[in-house]
Trainee: 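Mind having a look at this structure? Questions to follow.
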Amino acid sequence: MPRHHLEKPSVKLKYLSTALATALCVAAAGTGLAQNSAPPVQKVTATTPAPKLVVMIAVDQFSADLFAEYRGRFTGGLARLASGIVFPSGYQAHGATETCPGHSTILTGNHPAHTGIVANNYFDLSVAREDKRVYCAEDETVAGTTSKSGQYAPSVNHLLVPTLGDLMKARDPKAQVVSVSGKDRSAIMMGGRQADELMWLAPTGLTSYRGTTLSPAAQQAGTAIAAAINQPRPALTLPADCTAHDIAIPLEKGGSVGTGRMARDAGDFRRFMASPEADGAVLATAAALRQVRKMGEGSGTDLLIVGLAATDYVGHGTGTEGSEMCIQMAGLDRELGDFFARLDATGIDYVVALTADHGGHDLPERNRQNAWPDAQRVDKALDPEAMGKAVAEKLGLPQPLLYGDGGDYYLAKTLTAAQRQAALAELLPRLRAHPQIEAVVTREELEAHSISKRAPDTWTLMDKLRASYNPQRSGDFIIALKPRVTPIPESGIGYVATHGSVWDYDRRVPILFWRKGLAGFEQPNAVMTVDIMPTLASLIGLAVDANKIDGRCLDLLSGPESSCR
Ligand SMILES: [Zn+2]
C-alpha cells in the first residue's frame, strides 16, 4: 500500500545555497567538530556558558503583519524560529521607518536619534559638493561622488555609536565579526566599524568598501553568485497555498502586479535581488565564510551578521499581498532552513536573533480592492521642490528654497532670519491644511521633547518623530502623512509600494530568538529592536553601559531565572 503524503508543493527554484556550497567546495569540508557525536540537548539555564556564535539576521521589510499572515505556513527556518522565543509585536519604534535607520537600531541598542542615521538620505547644505543630498552610508567628502546609487563611496562614517561587533572586538580582538547583506546600508549599519569582513551583493557578485579586497572565500562566493545572476530564470511554480494571492492588480502607468512568477533574463540583477535566490546567495556566503574562518570554534563568541533584502525588493516592486510575496515567503523560509541545517551540522552552540529593519504596506490599488477604499497615493504638490518653488515665487525669495527627501524638509541656508521666518509662516500653514498631512513638526518642537521611555505601542506622534530626530542631520521641519497615504505619486512597474511612515504597519516587526535547548515562549507585549543588542550582549557576558543605549535586556529564560546579568 502506498503511503499517502500530505505534500506541500514547493517553489521550483534551483536554490543557490546548494549550488554555491558546491562551487565553494566547502560543504563537505567539515569543521573539525565531530558531527556524529553531538551531546544530547542540554536545557539552557542561567549558568549555561555563552553561545559560541551569535547569528543576527535582519529580513528587510519583514513586517509583523507578514509574519502573522504566513506564520502557520512556515515549515523551514522560520518555523524553527517561531518555536523559539517570539515577540510578535516588536517595534522599530521611531518615526522614519526606512532601511538605514532601522538597521542602525538593531545591533547598537540605540534609536536613530542617537545612531545619527535619521533617514536613508538626508540633506547637508554645508557639504562642498554640488549634490547636497547625503546617503546614510556614504563618505560625501570623497571627490567625484554624489548620493546616487553607484556614484557614492560606501562608508560607516555617519554611524555615531558602536555596534555589538565593535564592543565584542574591544573586549576581545580575537572575536570574529562578519557582515554579509543584500544591501550595503544593511551590512554597514549592523556590521559597524570593526568587522573583519563586510560585503554586499552587486551585479558582479559581492563587493565591499572602495579599495578593499574581498577575502579569497568571499571572492569565490562572489564568482558563484555572478554566474547565477548571469543564468536566466524560468517562471517558478506557484505553491498551492499561494493561489488566493494570484490576482492581477492593474497599475496606472501600465502593466500589473500580483501574478508574478519571478522569471528573469540572464544578467537581470534587479529581478535577481527581488527573489529568494538573492537571500540564498547571502546565506550561502555567510555559511561559507563562517566555515572558512572557523567562526564559533574558538575560545570566545563570534558574530555572524546576515541582511536579507529580497523581501523588501518584492514588497516595493509588487506589494505585500500578491503571488510574488507568497513565493518569497516560501523561499525565505526554505533558505533559512537550509542555512540552519548547515549550522546544525557543525555542532556549534549558536543563538539566532531575527528581526526586520521596518514593516511594510501594500500598494493602494490592492488595498482599495481589499476593504480599504480610501488608500491613496501622495499628492505631487507635497514634493519639497515643487512646494519650495511655489512659495519662493509668491514671496520673492531666492531659489532653491526647500530641499527634502522623505519626511524631512530643509530650508536653504542662504536665507536671512527674516526670510526664513517668512518662508515658514507660508509653508507650515499650507502643509498643515493639506488633507493628506497628519502633522508638521519643527525642529524647535522636537528639541523641546525628550525621548520616550514608555512602551513603543503607546508612543505619540511626537515620541516617534523625536526618536528619529538628530539636530545635525534632521530637517528644519518634519511632516507625517496620514495613515495609508503611500508616498509614491504614481504606480508603475518596479516601484509600487513602500514603508517609511510613522504608522504601525511600518513600525511593527517580529523579534525572534532561537538557541538549541532554550525553551521557547511568546511575549505579545511590545518590545523594541533597540532591545536586541543588550539582550545578546548579556547572553555573551558583555557589559553594556545602560546610559549609552536606549534599549533594555530582554530576559530569554522563562521562569524565575534570567538571562540578563
Ligand atoms: Zn528596508
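FYI, side chains are in, hydrogens and waters are out, and symmetry mates aren't considered; it's all heavy atoms of this structure.
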Trainee: Where the side chain of D166 meets the backbone of R193, is there a donor-acceptor pair that is under 3.5 Å apart?
Mentor: yes

Trainee: Please tell me whether Q92 and T105 have a donor and an acceptor in their side chains that are separated by less than 3.5 angstrom.
Mentor: yes

Trainee: Could you verify whether a donor N or O on one side chain and an acceptor N or O on the other, from D357 and T99, lie under 3.5 Å apart?
Mentor: yes

Trainee: For D60, give me all partners under salt bridge (Lys or Arg N to Asp or Glu O under 4.0 Å), at least two apart in sequence or on another chain.
Mentor: K183

Trainee: Just say parallel, tilted or perpendicular for the rings of Y70 and H245, cut-offs at 30° and 60°.
Mentor: parallel

Trainee: Would you name the heavy atoms of E297 and D302 that are closest together and state the gap between them?
Mentor: N-OD2, 4.4 Å

Trainee: Under a 3.5 Å threshold, yes or no: a donor from one side chain and an acceptor from the other, between T311 and Q61?
Mentor: no

Trainee: Working to the nearest 0.5 Å, report the span between CZ of R473 and NE2 of H158.
Mentor: 6.0 Å

Trainee: Whether E98 and R185 form a salt bridge (side-chain N of Lys/Arg under 4.0 Å from carboxylate O of Asp/Glu) is what I want to check.
Mentor: no

Trainee: Measuring from K174:NZ to S299:OG, what's the distance to the nearest 0.5 Å?
Mentor: 5.0 Å

Trainee: Below 4.0 angstrom, N of the basic side chain to O of the carboxylate: do D279 and R334 qualify?
Mentor: no

Trainee: Is the shortest side-chain N to carboxylate O distance from D349 to K516 below 4.0 Å?
Mentor: no

Trainee: Side chains of Y350 and D344: donor-acceptor distance under 3.5 Å anywhere?
Mentor: yes

Trainee: Would you say the side-chain atoms of N157 and E140 include a donor-acceptor pair closer than 3.5 Å?
Mentor: no

Trainee: Which class fits the ring pair H499 and H358: parallel under 30°, tilted 30 to 60°, perpendicular over 60°?
Mentor: parallel

Trainee: Under a plain distance cut-off of 3.5 Å, with no hydrogens placed, do Y152 and D184 share a side-chain donor-acceptor pair?
Mentor: yes

